[in-house]
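Here's the structure, in C-alpha cells; my notes come after.
Positions are given from 1 along the sequence. Nothing here was measured: the structure is a model prediction, and the numbers come from that model.
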Amino acid sequence: MGKLQRMTTLKNRGVTNGGKTTLAKNLQKHLPNCSVLSQDDFFKPESEIETDENGFLQYDVLEALNMEEMMSAISCWMENPTHSLASTHEESIKEIPILIIEGFLLFHYKPLDTIWNRCYFLTIPYEECKRRRSTRVYKPPDAPGYFDGHVWPMYLKHRKEMENVSWEIVYLDGTKSEEDLFSQVYEDLIQELAKQKG
C-alpha cells in the first residue's frame, strides 16, 4: 500500500489503559467522515494464545492477534472509505475520509508502516497504569502477578523497540484530562487536513 491520497489515517498507540480508545471515540464524534478500527477486535481465541514459562497468557505479542484480518479490514475501508461513516451530515461527503487505527502493537507490524499520516503514542507512568488496569474487567481475567510479570515488561520491551522507527511519533501524556488530550490531537489533525486540502 502506498501513501494515501485524499484520505488520512492516523495511528493511536500506547500503553494498556492509557486512554487510546477514549481518545479515538472522542475524535470520531467531532471529525466528519471518521471511522475507528481497534486492534483489540482482532485478538485470536484464548485457545490459540501461547503461555510463557510462568503460565501467563501471551496477549501482548503480535502472534496473539489476527493481523491479516485487520489488514483486510483496513484495505476494505481504503477501497470504500465512506462506507462506515459516523457522520450523517450531507456536507461530510465532501470531506477527506479519516481512519483512526488504535491499538497497543501498531508500530510493530511492518505492513502498516506505509499508510500513516500521523502517529500518536499515549504514555502513563507505571503506578497509574497498574491502578487503571486493576479497575478493568478482562476475559479471561488477569492472573495474579500478570501485570508485573507480563504486561508491563512487554510494554517496556515494545517501547524500547520504537526507538528505531523512522517516522515522527507524537508522544501524549495520558495523565492529562480527556478534554486536553482531545484538544491537542484535534488541533493537530485539523492542521494535517488543511495541508491535504491545500
Between [atom1] on residue [X] and [atom2] on residue [Y], distance to nearest 0.5 Å:
X      : Y      : atom1 : atom2 : value
Leu181 : Asp173 : CG    : CG    : 7.0 Å
Met67  : Leu62  : CE    : CG    : 6.0 Å
Phe42  : Leu65  : CZ    : CG    : 9.5 Å

Taking C-beta and beyond as the side chain, do [X] and [Y] meet within less than 4.5 Å on heavy atoms?
X      : Y      : answer
Lys29  : Asn26  : yes
Leu57  : Pro140 : yes
Ile190 : Leu31  : yes
Pro153 : Leu156 : no
Asp188 : Tyr186 : no
Leu105 : His158 : yes
Glu63  : Glu50  : no
Leu112 : Ile74  : yes

*What's the verdict on side chain to side chain contact (heavy atoms under 4.5 Å, CB included) for Thr123 and Tyr155, showing C-alpha distance, side-chain angles and the deciding distance?*
CA-CA 10 Å; Thr123 64; Tyr155 162 70; 4.1 Å; yes
*Step by step, would you call Leu122 with Phe104 a side chain to side chain contact (heavy atoms under 4.5 Å, CB included)?*
CA-CA 10 Å; Leu122 280 150; Phe104 68 105; over 6 Å; no
*asked:* Between the side chains of Glu127 and Lys130, is the shortest nitrogen-to-carboxylate-oxygen separation below 4.0 Å, so that they form an ion pair?
replied: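 No.
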*Do the charged groups of Glu46 and Lys139 touch, with an N to O distance under 4.0 Å?*
no
*Start with the C-alpha gap between Arg133 and Tyr146, add the side-chain angles, then the distance that decides, and say whether side chain to side chain contact (heavy atoms under 4.5 Å, CB included) holds.*
CA-CA 11 Å; Arg133 179 94 182 190; Tyr146 188 65; 3.6 Å; yes
*So Phe56 and Val151, side chain to side chain contact (heavy atoms under 4.5 Å, CB included) or not? Walk me through it.*
CA-CA 10 Å; Phe56 292 137; Val151 175; over 6 Å; no
Any sub-3.5 Å donor-acceptor pair from [X]'s side-chain atoms to [Y]'s backbone N or O?
X      : Y      : value
Ser183 : Asp180 : no
Glu168 : Arg118 : no
Ser134 : Arg131 : yes

Where [X] and [Y] come nearest, the two heavy atoms and their spacing:
X      : Y      : result
Ala24  : Val36  : O-CG2, 3.8 Å
Ile124 : Cys129 : CD1-CA, 3.4 Å
Ile49  : Tyr59  : CG1-CE2, 3.6 Å
Ile101 : Leu106 : O-CD1, 3.2 Å

*Side-chain donor-acceptor contact under 3.5 Å, Thr175 with Glu128*: no
*asked:* I'd like to know if the side chain of Ser38 pairs up with that of Glu102 as donor and acceptor (distance under 3.5 Å, no hydrogens or angles considered).
replied: yes
*Under the ring-ring contact (aromatic ring centres under 6.0 Å, His included) test, which residues partner Tyr126, sequence neighbours left out?*
Phe147, Trp152
